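Only a predicted model underlies this, so the values are computations on that prediction, with no experimental measurement involved.
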Amino acid sequence: MRCLKHKAINSGAMALKAEHYQRTMAEWSRIHASPPVQSKDFLEQAAWNRVILDTPLRARSFERDAVMYPLNEDYDYRIYREATFLHCLGGDLRMKVQFMFGLYMSTFFWMSLGPC
């Protein structure tokens, strides 16, 4: 942490362009597999910070409310329809799948039926 050149980021939600995915994941894997500088939990988060801070990848913050957190904040799926990204923080895997399936069905299936 002493050598950080930028403020660390919360690496819980990121988006990568497809053209950068393989290279970025390879770099993250390399960093994550290396011995940690200090013993801490959530080493995968530290590896993401190093990828963003130590590589030439451009990083920018999302607009406010672009990333929303269902199953952690409000369980009503309707408020998440306009989010750019969803990061399901709470619940177990079954709850996440049920939530995302419900959102998918309400977005794509229901809209294909047209006005009632």
Side-chain angles (χ1 to χ4, degrees):
M1 293 300 290
R2 288 188 298 266
C3 66
L4 286 177
K5 295 176 185 158
H6 304 285
K7 184 178 176 184
I9 61 171
N10 176 346
S11 54
M14 290 187 209
L16 294 172
K17 288 184 178 181
E19 64 204 55
H20 301 296
Y21 182 79
Q22 294 295 330
R23 182 171 52 93
T24 302
M25 292 307 295
E27 182 64 8
W28 176 85
S29 294
R30 184 190 68 74
I31 293 169
H32 188 253
S34 65
V37 174
Q38 51 185 321
S39 180
K40 293 282 183 185
D41 294 326
F42 307 112
L43 292 176
E44 76 283 356
Q45 298 291 309
W48 279 119
N49 276 290
R50 297 286 18 137
V51 167
I52 297 299
L53 297 171
D54 296 344
T55 65
L57 289 173
R58 293 181 305 151
R60 65 176 184 246
S61 298
F62 292 115
E63 293 179 19
R64 190 173 192 275
D65 293 333
V67 181
M68 297 181 81
Y69 304 93
L71 306 180
N72 184 54
E73 294 173 348
D74 194 327
Y75 286 86
D76 185 351
Y77 70 92
R78 294 170 292 187
I79 69 171
Y80 299 107
R81 287 183 181 157
E82 301 302 317
T84 305
F85 300 99
L86 295 174
H87 185 170
C88 295
L89 291 174
D92 59 19
L93 180 60
R94 183 176 187 84
M95 289 177 71
K96 291 174 184 180
V97 170
Q98 287 174 332
F99 174 83
M100 294 304 289
F101 183 73
L103 187 60
Y104 170 82
M105 289 298 286
S106 72
T107 301
F108 297 104
F109 179 72
W110 181 255
M111 291 176 74
S112 69
L113 294 178
C116 295

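Hydrophobic clustering (side-chain heavy atoms under 4.5 Å, transitive across Ile, Leu, Val, Met, Phe, Trp, Tyr) groups Ile31 together with Met25. The hydrophobic clustering, which links ILVMFWY residues whose side-chain heavy atoms are closer than 4.5 Å, places Trp28 and Tyr21 together.
The distance from the CD atom of Glu27 to the NE2 atom of His20 is 14.0 Å, given to the nearest 0.5 Å. We find the CZ-CZ distance between Arg30 and Arg50 to be 11.0 Å, quoted to the nearest 0.5 Å.
Listed by first then second residue, pairs satisfying salt bridge (Lys or Arg N to Asp or Glu O under 4.0 Å) with a partner in residues 90-104 number zero, not counting sequence neighbours.
Across Trp48 and Thr24, no two heavy atoms sit closer than the pair CZ3-CG2, 3.9 Å.
Residue Gln22 places its CD atom among 12 or fewer non-hydrogen atoms of other residues, nucleotides or ligands, all under 6.0 Å distant.
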- Message: One pair to check against side chain to side chain contact (heavy atoms under 4.5 Å, CB included): Met95 and Phe99. What are the steps and the verdict?
- Response: CA-CA 6 Å; Met95 289 177 71; Phe99 174 83; over 6 Å; no
